[in-house]
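Notes follow the structure.
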Amino acid sequence: VRLHTRVAAVKPGAQTLVLAGGETVPFDYLVVATGAGPRLPKVPGLDVEGVFTLRNVSDALRIKRFIQDRRVRRAVAVGAGYISLEMCEAFRTLGLETTILESEARPVMRLPEDFSAKIVEEIQANGVTFTPRVRLEGFDRSPSGIFVHTGNGPVEADIVLIATGVAPEVKLAAEAGIALGGTGAIAVNDHQQTNLPFVYAAGDCCEGYHRVSRKPVYIPLGDTANKQGRVAGANIGGQDVTFPGIVGSQCFKVFGLEVASTGLTEEEARQAGLTPVSATIQGVSRAHSYPGTKRLWLKLVADTGTGRLLGAQAVGAEGVVARINILAGALAGGLSLEEIAYLDLAYAPPFSGAWDPVHIAAQQLLK
Ligand SMILES: Cc1cc2nc3c(=O)[nH]c(=O)nc-3n(C[C@H](O)[C@H](O)[C@H](O)COP(=O)(O)OP(=O)(O)OC[C@H]3O[C@@H](n4cnc5c(N)ncnc54)[C@H](O)[C@@H]3O)c2cc1C
């Protein structure tokens, strides 16, 4: 492993890499795993001291050192996706006054509206100011910190985190003639092979095949990156391994709330040309009578014609990820609502009711 070594170019014809220092490195096979970078807003002042993005552990340590050294009191996060929400929890844990500025009407826009509202309730209950529909205009130094200029006037901060999404890091690949897909990430087949047979790609720089929409998608996540990397390596090593694709499962925690989803949302199902129906239930994490049981909300989306499950989203204080993982399995297996409604799930009162929220939601949608 050669650390602090940047690859400046790939020469597919010669099967060599050119390093930033000019050194040439030959290869028989190449795996492109260049990851993703922050998608930055096109505004002035991104280089103002105290304005950060977060991609890796080094960034996290830089942010932590800045907070300690500069006695930071006021944090502003731009964007209200999962990275911003997780960071706001960290800022509040450190005792910082914390504000989220979001251009849309609500956080995590792909979630159902009432689920986003629960996230807003949770962050506000934990002292975060949430400001929706903000037009970001740029950053400037202020006498005591940073001005975040917005359409509604400036907001003052000591530290700013920009978390407005990520984009695949594909410059190296594109310049080498490695084909990109419609999402802008590197296109790969089910062996993680690119259009150049001796070049593979894995992780945040490449697309994944969505098993529900049956389309290539860009959902950059760590567990997918691991699996794609293993498949690429196994195939280069002489095995014949196929990556079946993803169902788009994801989760995060913000303060006392678990948030998770798998498959398609109702809107995504429509965009994929399907005709979805949905049902949302309020359930409980353990048996009703069991001490400490918590409320959770689960939405199921299914295809009107076939009754096939298309996706699920859930929020709640406990047991949310466990339910979504069951439904991720159901999606991968192509289960119908009838099958899910009577699925043999493990039951004991500390973990669920005899009828789990998964069963109840499926029965509800069948009505
Ligand atoms: C704050 C945060 C929280 C996250 N939380 C989760 C989570 O809870 N669950 C989850 O599933 N995912 C999570 N993710 C996403 C997850 O981290 C990524 O999906 C995963 O790291 C992707 O792995 P990768 O190897 O493809 O890319 P990376 O981990 O980004 O690695 C790419 C590497 O390539 C290097 N590189 C790029 N270009 C060159 C070049 N030209 N020459 C040499 N080296 C180069 C980069 O420096 C980098 O080290 C999170 C991401 C962030 C930022």
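Counting starts at 1 for both ligands and their atoms, following the listed order.
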Review point. If you measure every N/O of Leu54 against every N/O of ligand 1, is any gap under 3.5 Å?
Key: no

Check your understanding: How far does OG1 of Thr5 sit from CG of Leu17, to the nearest 0.5 angstrom?
Key -> 11.0 Å

Exercise for review: Mind jotting down which residue pairs meet the ring pair (Phe, Tyr, Trp, His ring centres under 6.0 Å) criterion with at least one end in residues 18-53? Sequence neighbours excluded, please.
Suggested key: Phe52-Phe66

Review point. Taking NZ, NE, NH1 and NH2 as the nitrogens, is one of them in Glu137 or Arg135 under 4.0 Å from a carboxylate oxygen of the other?
Key: yes

Practice item. Quick one: look up the protein heavy atom nearest atom 48 (C) of ligand 1 and list residue, atom name and how far away it is. Key: Arg55 NH2, 4.0 Å

Practice item. Give the residue, atom name and distance (to 0.1 Å) of the protein heavy atom nearest atom 14 (N) of ligand 1. Key: Tyr82 OH, 3.3 Å

Point to revise | side-chain hydrogen bond (donor to acceptor under 3.5 Å, both in side chains) partner of Ser261, chosen from Arg110, Lys299, Gln313 | key: Arg110

Exercise for review: Flag Gly203 as yes when one of its N or O atoms lies below 3.5 Å from any N or O atom of ligand 1, and as no otherwise.
Suggested key: no

**Study point:** atom 18 (C) of ligand 1 [closest protein heavy-atom partner, distance rounded to 0.1 Å]
**Key:** Asp204 OD2, 3.2 Å

Study note, to complete from the structure: Residues passing the side-chain contact (heavy atoms from CB on, under 4.5 Å) test with Pro220, sequence neighbours excluded, are Val166, Asp204, Tyr218

Check your understanding: Any protein heavy atom lying closer than 4.0 Å to atom 5 (N) of ligand 1?
Key -> yes

Check your understanding: Would you call Thr5 a ligand 1 contact, heavy-atom distance under 4.0 Å?
Key -> yes

Exercise for review: Among all protein heavy atoms, pick out the one at the shortest distance from atom 9 (N) of ligand 1; state its residue, atom name and that distance to 0.1 Å.
Suggested key: Leu221 CD2, 4.4 Å

Review point. At what distance is the nearest protein heavy atom to atom 28 (P) of ligand 1, and which residue and atom is it?
Key: Gly35 CA, 4.2 Å

Review point. Under 4.0 angstrom from atom 41 (N) of ligand 1, is there any protein heavy atom?
Key: yes

Exercise for review: Specify whether the nearest protein heavy atom to atom 11 (O) of ligand 1 is under 4.0 angstrom away.
Suggested key: yes

Exercise for review: Indicate whether atom 30 (O) of ligand 1 is within a distance of less than 4.0 angstrom of some protein heavy atom.
Suggested key: yes

Exercise for review: Looking only at protein heavy atoms, identify the closest one to atom 52 (C) of ligand 1 and say how far it is in Å.
Suggested key: Ile83 CD1, 3.5 Å

Exercise for review: Kindly indicate whether atom 34 (O) of ligand 1 is approached by any protein heavy atom to under 4.0 angstrom.
Suggested key: yes

Review point. So Phe147 and His149, would you call those rings parallel, tilted or perpendicular, with 30° and 60° as cut-offs?
Key: tilted

Check your understanding: For atom 25 (O) of ligand 1, what's the nearest protein heavy atom and its distance?
Key -> Ala33 O, 4.5 Å

Exercise for review: Do me a favour and list the nearest non-hydrogen protein atom to atom 37 (C) of ligand 1 with residue, atom name and distance?
Suggested key: Thr34 O, 3.4 Å

Point to revise | Carboxylate-amine/guanidinium contact Arg92 Glu89, below 4.0 Å | key: no

**Study point:** Residue among Thr53, Leu54, Thr164 satisfying side-chain contact (heavy atoms from CB on, under 4.5 Å) with Ile83
**Key:** Leu54

